[in-house]
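Below is one structure, written out as structure tokens, with a few remarks after it.
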Amino acid sequence: MKMQTRVAQTAQGEYRAWCPRLPGCQVRSSSLSQAQQKLAEAARGYLASLNVAANDVEFETFTPELLQAG
């Protein structure tokens with residue numbers, strides 16, 4: 001299963017990552033790679049709470065010029 005994610009950089013320089021298909025599933029981090037790792041972990045936990053097998057989830061990150069997010 002492919003899961004699309006989004007990443008944006010805040011005005012404070014943090015990275016915010018979220019998964020549009022999983023409401024409320026979002027993380028913040030000081031680096032892009034850490035945000036992506038944290039989000040993958042959070043999304044797998046989210047799916048596990050719904051009793052959905054998350055072993056074969058593939059994440060595709062969409063970062064359009066790292067849009068500024070507030």
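Only heavy atoms go into these numbers, but all of them, side chains included; no hydrogens, no water, no symmetry mates.
In this structure, the separation between CZ on Arg44 and CG on Leu22 is 11.5 Å, given to the nearest 0.5 Å. If you take CE on Met3 and SG on Cys25, they are separated by 8.5 Å, rounding to the nearest 0.5 Å. Rounding to the nearest 0.5 Å places CZ of Phe59 at 6.5 Å from SG of Cys19.
Under the side chain to side chain donor-acceptor pair (under 3.5 Å) criterion, Glu14 pairs with Arg28, not counting sequence neighbours. By the side-chain contact (heavy atoms from CB on, under 4.5 Å) test, Ala17 pairs with Val7, Val27, Ala35, Leu39, sequence neighbours left out. In terms of the salt bridge (Lys or Arg N to Asp or Glu O under 4.0 Å) criterion, residue partners of Glu60 (sequence neighbours excluded) are, by chain and number, Lys2.
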For Gln26 and Arg16: C-alpha separation, side-chain torsions, deciding distance, then whether side chain to side chain donor-acceptor pair (under 3.5 Å) applies.
CA-CA 7 Å; Gln26 62 179 319; Arg16 185 173 72 92; 3.0 Å; yes
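Between Tyr15 and Ser33 the shortest side-chain heavy-atom distance does not fall below 4.5 Å.
A pairwise comparison of heavy atoms in Gln4 and Pro20 identifies O-CD, 3.4 Å as the closest pair.
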